Amino acid sequence: MTTAAARPWAAVRRTAAYKEIVKALWRANPISKQILGICSSLAVTVQLETALVMSLALTGVTAGSSLAVSLLRKAIPRNIRIIVQVAVIATLVILADELLKAFLFDVSKQLSVFVGLIITNCIVLGRSEAYALNHPPGQAFLDGLANGVGYSSVLLGVAFFRELLGSGKLFGATVIPEAFYRAGYVNNGLLVLAPGAFIMIGLFVWLEHTLLERK
Amino acid sequence: MSGSAKSLLFTAVLCVVCSLLLTAASSGLRPYQERNILIDRHRNVLLAAGLIEPGRKVGEAEVEALYAGRIRELRVDPEGRILEGAERARPDGLPLYLIQEEGEVRGYIVPIDSRGLWGPIQAYLAIDRDGQTVKGFAVTRHAETPGLGGEIEKEWFRRNWVGKKIATREGTFVSVAIAKGKVEEGVPESKRPHYVDGISGATMTGRFLTAGIRDSLSRYEPVSIRFRRNQIAEWEKTLPPARP
């Protein structure tokens, strides 16, 4: 890389946003490093479309709840802080669910209970309790966003391989040419099932750990 | 102010704010959601009728066009007579859908209201004009466990129903039941036309749905009898004439 091209990157690299997102993508990825949110990542990664919508919903909820909790952090009485956080998260999740039902009905039908289950996703409450409660709103929002992006990266990665190898499609469009099937290529049925997701996530965890160790 | 009074006050304010937000969202988005639910219902009626190939994505406009052209919504009384005009509002009236093509009735669709394991199941069962052969089945609403009972909305389960008989060859009503496991393995040959493959891990869902289908179909039995005896000339008159 030339120095001229590297310079704008260097400026970006110094920003807090960049550091947070890189940290959530790699060193502290919610799924592959902290092993949180596994349930939904097993369930909604059969297709890229559902994984993408789920990612957006979770990122929105995490960023929103971190922001709201951080704004209220000085007013929240310590003894009921968990209840308050859960109430905030639940409100945002129901909002997300209502929005999906209004504008993305088919996807919302496929996601069924899993949107509602964002409430119980450890990533959301974890970020709010561990970070947003004692950081200013800007940073808390960024932290929620970064963790949402970290979750999404694994979700989309897993969904990419599951849909490609399991059904020969990407975003519902067939990408494996007909000639492959005629030559004897078969979709891997295991990847459509939940155990396939488990193996895929395991591979992601392994990949991330090995790559980090090399550094 | 003491600590606990502050906590109570904070909780109360938070609850009011959250409920206001949710109420606003719920009432503001309802028109959109209701339209989606209506389209989805129509899509499932068409799916049960076999007018949409499974797996193909069909847009809203196409669903509405197909529905308007091929499906006719009627209300019938418990004896299977068509209710017209002011009578349509009768409380004991039953909704019925006719599948039409070129001025002919090709079959009819019975709405199924059933209990499920976790909540009500709503589905459609389409029956051929012979009054006994199932044309198709589609679930429009359910709250069953995804991967177990939730499989009732999947294509493999729906395909199961096509060609099954709700009555014996002599015309006695028997309904169609969901077997425990595969039909070939657990059901004697003579009864196989009245059973579909079950879902492993969802015995209860199957049992509830079997009962729900039997109930709904027996309520519509007078209609089915008319079809079996081919007494539907009166019905065909209600259809728009065939296009030249």
Side-chain angles (χ1 to χ4, degrees), chain A residues 39-40 42-44 46 49-50 64-65 68-69 71-117 167 169 171-174 192-195 197, chain B residues 1-44 55-60 63 118-119 139-151 153-154 156 201:
Chain A
C39 172
S40 59
L42 294 178
V44 301
V46 179
E49 193 186 11
T50 48
S65 69
V69 167
L71 283 170
L72 293 170
R73 73 188 188 283
K74 293 200 174 108
I76 298 175
R78 288 280 126 176
N79 54 346
I80 55 161
R81 63 176 201 285
I82 298 282
I83 301 172
V84 171
Q85 291 173 63
V86 172
V88 168
I89 294 167
T91 308
L92 285 169
V93 168
I94 298 171
L95 280 179
D97 198 24
E98 295 269 342
L99 282 170
L100 287 182
K101 274 189 193 138
F103 300 110
L104 283 169
F105 189 75
D106 291 341
V107 183
S108 110
K109 256 192 127 179
Q110 284 177 47
L111 288 172
S112 63
V113 294
F114 293 103
V115 175
L117 284 177
S167 350
K169 294 175 181 178
F171 282 110
T174 310
V192 180
L193 305 172
Chain B
M1 194 162 32
S2 78
S4 53
K6 195 188 158 217
S7 298
L8 280 176
L9 184 70
F10 188 89
T11 319
V13 172
L14 184 78
C15 288
V16 170
V17 172
C18 287
S19 4
L20 282 178
L21 266 174
L22 292 183
T23 314
S26 166
S27 45
L29 295 173
R30 184 158 309 143
Y32 297 97
Q33 294 173 350
E34 272 168 4
R35 172 147 182 82
N36 285 334
I37 291 168
L38 186 77
I39 300 276
D40 192 58
R41 228 162 43 81
H42 289 176
R43 181 176 285 136
N44 278 303
R56 194 166 66 90
K57 282 213 169 166
V58 183
E60 210 178 292
V63 167
W118 302 120
V139 174
T140 183
R141 223 185 82 191
H142 74 88
E144 303 308 289
T145 321
L148 299 172
E151 294 288 299
E153 62 174 21
K154 293 287 161 65
W156 74 263

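Values in this document were obtained by computation on a predicted structure and should not be read as measured data. Atom set for the values below is all heavy atoms of this structure, side chains included, hydrogens, waters and symmetry mates excluded. Residue numbers begin at 1 in each chain, while the letters A, B, ... track the order of the sequences.
Enclosure of atom CZ in B:R141 is not indicated, since only 12 or fewer non-hydrogen atoms of other residues, nucleotides or ligands lie within 6.0 angstrom. Applying the 6.0 Å contact sphere to NZ of A:K169 captures no more than 12 heavy atoms from other residues, nucleotides or ligands.
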Atom pairs and distances, side-chain donor-acceptor, residues 19-29 of chain B, under 3.5 Å, sequence neighbours left out:
from	atom 1	to	atom 2	distance (Å)
B:S19	OG	B:C15	O	2.3
B:S19	OG	B:V16	O	3.4
B:T23	OG1	B:S19	O	2.5
B:S26	OG	B:R30	NH2	3.2
B:S27	OG	B:T23	O	2.7

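A distance of 11.0 Å separates CZ of A:F105 from CD of B:E60, quoted to the nearest 0.5 Å. Within the model, atoms CZ of B:F10 and CD1 of A:I83 stand 11.5 Å from one another, a figure rounded to the nearest 0.5 Å.
Residues B:L14 and A:A87 share a closest heavy-atom pair of CD2-CB, 3.7 Å. Closest of all the heavy-atom pairs between B:N36 and A:A102 is ND2-O, 2.8 Å. When every heavy atom of B:S7 is checked against every heavy atom of A:I80, the shortest pair comes out as O-CD1, 3.6 Å.
If you measure heavy-atom distances from A:L193 to chain B, you find no contacts under 4.5 Å at all. Proximity to chain B (any heavy atom under 4.5 Å) is shown, for A:A75, by both the backbone and the side chain. Interface remark: B:I39 contributes no atoms to any contact with chain A (heavy atom separation under 4.5 Å).
Note on B:C18, B:S4, B:P31: by heavy-atom pairs under 4.5 Å with chain A, the leading option is B:C18. The choice from A:L72, A:I76, A:I94 that makes the most heavy-atom pairs within less than 4.5 Å of chain B is A:I76.
Residues that satisfy the side-chain hydrogen bond (donor to acceptor under 3.5 Å, both in side chains) test with B:K154, not counting sequence neighbours, are B:E151.
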